[in-house]
Structure formats: C-alpha cells, structure tokens
Amino acid sequence: MTQPDTDKGLQIDLILQSLHTQYIGKELIYFESTDSTNVQASILGTKGAENGTTVVTEKQTQGKGRMGRTWISPVNSNLYFSILLRPPTSPQAASWIPLVAGVALAKGISGYTGLSAKIKWPNDLLIGKKKFGGILIETHIVSNRIHYLVLGVGLNVNMTRFPEEIAPFATSLKKELGHPCHREPLLVHLLEELEKQLQDFYESGPEKTSGNWIQLSDTIGKEVTVTLGNQSIKGKAINLDPHGGLILEKRDGTKTTILTGDVVQLRTDVLNRK
Ligand code: BTN
C-alpha cells in the first residue's frame, strides 16, 4: 500500500521534549495555518520576542520564496519554519548567515537521512539536480545595527506531487528516500545543527563556514549564469569572497563578485579553461 503524503500534524510536545538547544526553538510558536512564518516571526521580532523564537506551521497561505516568488506550502506534509535571531554581529558580518544556514541544513539533512544534500548558490538545497528546500532571510536593520533577522526555511519532506511548472526541478525527501520521513525528529535535528553552526560562526568567524560551504556546494567549479533582474552574468564560479559573495571568473579572465541573484548552472562538469 502506498503511504500518504500527509500525517496527523506535528506533535509539538515531542519536539520540545527532545530538543537540546540553548536558545533556538526554546520558544516554539505553532500554527495549524498561517500566512507566512517569516511574517509572523517578523511581527514577534518587532514586539521584542527572544532570540531563537521559532515559528512553525503545518500550512502557509502566503509562503514567500526568494526574489518575490511564492513558496508552495501544502498542509501536514512538509516543514515550514522561521527562526528569529538577534545576532551579535555587524550587518556586514551577517551577510554570512545565509551560508551558515545552508551549511547547517545540508549537513543536518544528509546526517539525518543519509541522502547527499548539496547547496546551490546562494542557498537552494538540492538532491542531485532537484531542489527540495530553500532559505529566505530577512534582515531588519536600525541605525546600522541588526534589530533582528528572520531565517525562514521551507523543506519538501513528504509531498510527492508538484505543480506542473516546477515538477521537473523539484523533489522531496520522501521521493528520494522512497519512504516518508518523520517530521518531528527531523526538525529537532535541524534546529540543533542550525544552533551549532551559528555558534561556531559567531565564535570563530566565517573561515570554517566558507570551507564547509565550498565542500557542500553544487556551484563552485561550474560554469554558471547569474540572473539579477533583467541582467545576466556568465562565468565560472571559483570561490567565495570575504563577505560570502560568489566570485565568478568571466570568459575574458576578469573576476566579478555576485552578492545576490539566481544561479543557473550551465555545465555539471568541472571545467579547466587554462
Ligand atoms: C526560496 O525561494 O528558495 C526560499 C524559500 C523559503 C520558504 C520558507 S517556508 C518558511 C518561511 N516562510 C516563508 O514565507 N518563507 C520561508
């Protein structure tokens, strides 16, 4: 018999009992349905909620993706959560946080499922060539200081049917594993890994994150096209710069750094043009 894509809903007690973190998820706000966990975490941030407050929901009616896109958020099947962070860093150093989150989630998912999760710049989560997760970070800065930051994560855990337009590029953990995945222990594992990686970054700076990101990256060493609105830049992704930007080497040998945008990978093999 085939297993359904939905379960009875997240058991929040189970999550709280097994979570071993200092601050992430200690305050856990649960919605059966909400517009967007990023919106809710941001409201809490404005009201002064604690660092690490986490909003989790079964379903989003206005799930937000990067670049103004929609994040498809069906009920009782996937993970949608946002963590309110008050990082002890400058806004400049916080440009690494999306990469820290990418490393934590790729490592956490690979560790928990045995699948090989990779990161496509800036922080799409892939298995093979297909995307199963994404990260949306929204930073609220006041007088050149971070008031708060919202780290939103969407993961396709047990959904197996996708809208036609994304079906060729989308996957889920269930599709890749061939069986459903319990959402509670997965969430606990990911919140713990996120706290660990963030702590390492706050204490030791970006060097380790950069090395881990490059190791887990599906982008470095490849020919890519980065689209930024109407503009597109082609080049070989060769490294990360000191602020977590992607360094591209263009055909004429000049280098340029990309700080945001969408990456399309042209070649899957590592090219050596020299
Ligand atoms: C992307 O476009 O790749 C980023 C997707 C981020 C989606 C998550 S789901 C939980 C949180 N709430 C939102 O509205 N978006 C993020």
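Glu223 is listed as a side-chain neighbour of Arg251, based on a closest heavy-atom distance under 4.5 Å. At a threshold of 4.5 Å between non-hydrogen side-chain atoms, the residues Ile238 and Lys255 count as touching. Between Lys107 and Asn212, the closest side-chain pair of non-hydrogen atoms falls below 4.5 Å. In this structure, Pro122 and Leu246 have side chains that are not in contact, with every pair of non-hydrogen atoms separated by 4.5 Å or more. Looking at heavy atoms from C-beta onward, Pro87 lies in side-chain contact with Tyr202 at the 4.5 angstrom threshold. Residues Ile166 and Ile72 have side chains in contact (heavy-atom distance under 4.5 Å, counting atoms from C-beta outward). Counting only heavy atoms from C-beta outward, the side chains of Asn156 and Lys131 never approach each other to under 4.5 Å. By the 4.5 Å heavy-atom criterion applied to side chains, Phe132 and Ile109 are counted as neighbours.
In the hydrophobic clustering of this structure, Val150 does not group with Ile146; members are Ile, Leu, Val, Met, Phe, Trp, Tyr whose side-chain heavy atoms approach within less than 4.5 Å, directly or through other members. In the hydrophobic clustering of ILVMFWY residues, with side-chain heavy atoms under 4.5 Å counting as a link, Val153 and Val55 come out apart. Under the 4.5 Å side-chain contact rule for hydrophobic residues, Leu155 and Leu173 share a cluster. No chain of hydrophobic side-chain contacts below 4.5 Å, direct or via other Ile, Leu, Val, Met, Phe, Trp or Tyr residues, connects Trp71 to Phe81. Under the 4.5 Å side-chain heavy-atom criterion for ILVMFWY residues, a single connected hydrophobic cluster contains both Val56 and Ile135.
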Verdict with reasoning, Lys118 to Ser116, per side chain to side chain contact (heavy atoms under 4.5 Å, CB included): CA-CA 7 Å; Lys118 295 277 178 194; Ser116 171; 4.0 Å; yes
Residue pair Lys250, Ile233: steps toward the side chain to side chain contact (heavy atoms under 4.5 Å, CB included) verdict: CA-CA 8 Å; Lys250 295 196 279 189; Ile233 305 166; 4.2 Å; yes
Worked check of side chain to side chain contact (heavy atoms under 4.5 Å, CB included) between Leu99 and Phe201: CA-CA 10 Å; Leu99 291 94; Phe201 165 67; over 6 Å; no
Verdict with reasoning, Lys129 to Asp218, per side chain to side chain contact (heavy atoms under 4.5 Å, CB included): CA-CA 9 Å; Lys129 295 283 149 230; Asp218 187 57; 3.4 Å; yes
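Between the CE atom in Met159 and the CG atom in Asn76 there is a gap of 13.0 Å [rounded to 0.5 Å]. Put simply, SG on Cys181 and CG on Leu186 are 5.0 Å apart, with the number rounded to the nearest 0.5 Å. A distance of 4.5 Å separates CD of Gln40 from CZ of Phe31, quoted to the nearest 0.5 Å. The distance from atom NZ of Lys59 to atom CD of Glu32, rounded to the nearest 0.5 Å, is 10.5 Å. The NZ atom of Lys130 lies 9.5 Å from the CZ atom of Phe169; values are rounded to the nearest 0.5 Å. Atom CD1 in Ile137 sits 6.5 Å away from atom CD1 in Ile97 (nearest 0.5 Å).
The backbone N or O of Pro242 lies less than 3.5 Å from a partner atom in the side chain of Trp96, making a donor-acceptor pair. Proximity of a side-chain donor or acceptor of Thr34 to a complementary backbone N or O of Thr37 within less than 3.5 Å is not detected. A donor-acceptor pair under 3.5 Å is absent between the side-chain atoms of Ser36 and the main chain of Lys64, judged by distance alone. For Asn51 (side chain) and Arg86 (main-chain N/O), a donor-acceptor pair under 3.5 Å exists by modelled atom type. Between the side chain of Gln92 and the backbone N or O of His243, no donor-acceptor pair lies under 3.5 Å. Between the side chain of Asn78 and the main chain of Val157, a donor-acceptor pair closer than 3.5 Å is present. Proximity of a side-chain donor or acceptor of Thr57 to a complementary backbone N or O of Gln60 within less than 3.5 Å is not detected. In this structure, Arg145 contributes its side chain and Ser90 its backbone to no donor-acceptor pair below 3.5 Å. In this structure, Ser110 contributes its side chain and Ala117 its backbone to a donor-acceptor pair below 3.5 Å. Of the possible polar contacts, none joining the Gln197 side chain to the Thr209 backbone as a donor-acceptor pair under 3.5 Å is found.
Annotation for Lys208: atom NZ does not count as buried by contact number, only 12 or fewer foreign heavy atoms lying within 6.0 Å. Within 6.0 Å of CD in Gln22 there are 12 or fewer heavy atoms belonging to other residues, nucleotides or ligands. Other residues, nucleotides and ligands contribute more than 12 heavy atoms inside 6.0 Å of the NE2 atom of His140.
Side-chain polar atoms of Thr254 and Asp252 form a donor-acceptor pair below 3.5 angstrom. Tyr148 and Thr46 share a side-chain donor-acceptor pair at under 3.5 Å. Side-chain contact check for Asp5 and Ser77: no donor-acceptor pair (N or O, by modelled atom type) lies under 3.5 Å.
Nearest heavy atoms, Ile24 versus Leu19: O-CD2, 3.5 Å. When every heavy atom of Ala106 is checked against every heavy atom of Leu125, the shortest pair comes out as N-CD2, 4.0 Å. Listed here is the closest heavy atom pair of Ala237 and Leu248: CA-CD2, 3.7 Å. In terms of heavy-atom proximity, Pro98 sits nearest to Ser95 at CD-O, 3.3 Å.
Salt bridge annotation for Glu58-Arg183: present, with a cationic side-chain nitrogen under 4.0 angstrom from a carboxylate oxygen.
With respect to Thr21, the side-chain contact (heavy atoms from CB on, under 4.5 Å) criterion is satisfied by exactly one of Gln199, Glu192, Lys196: Glu192.
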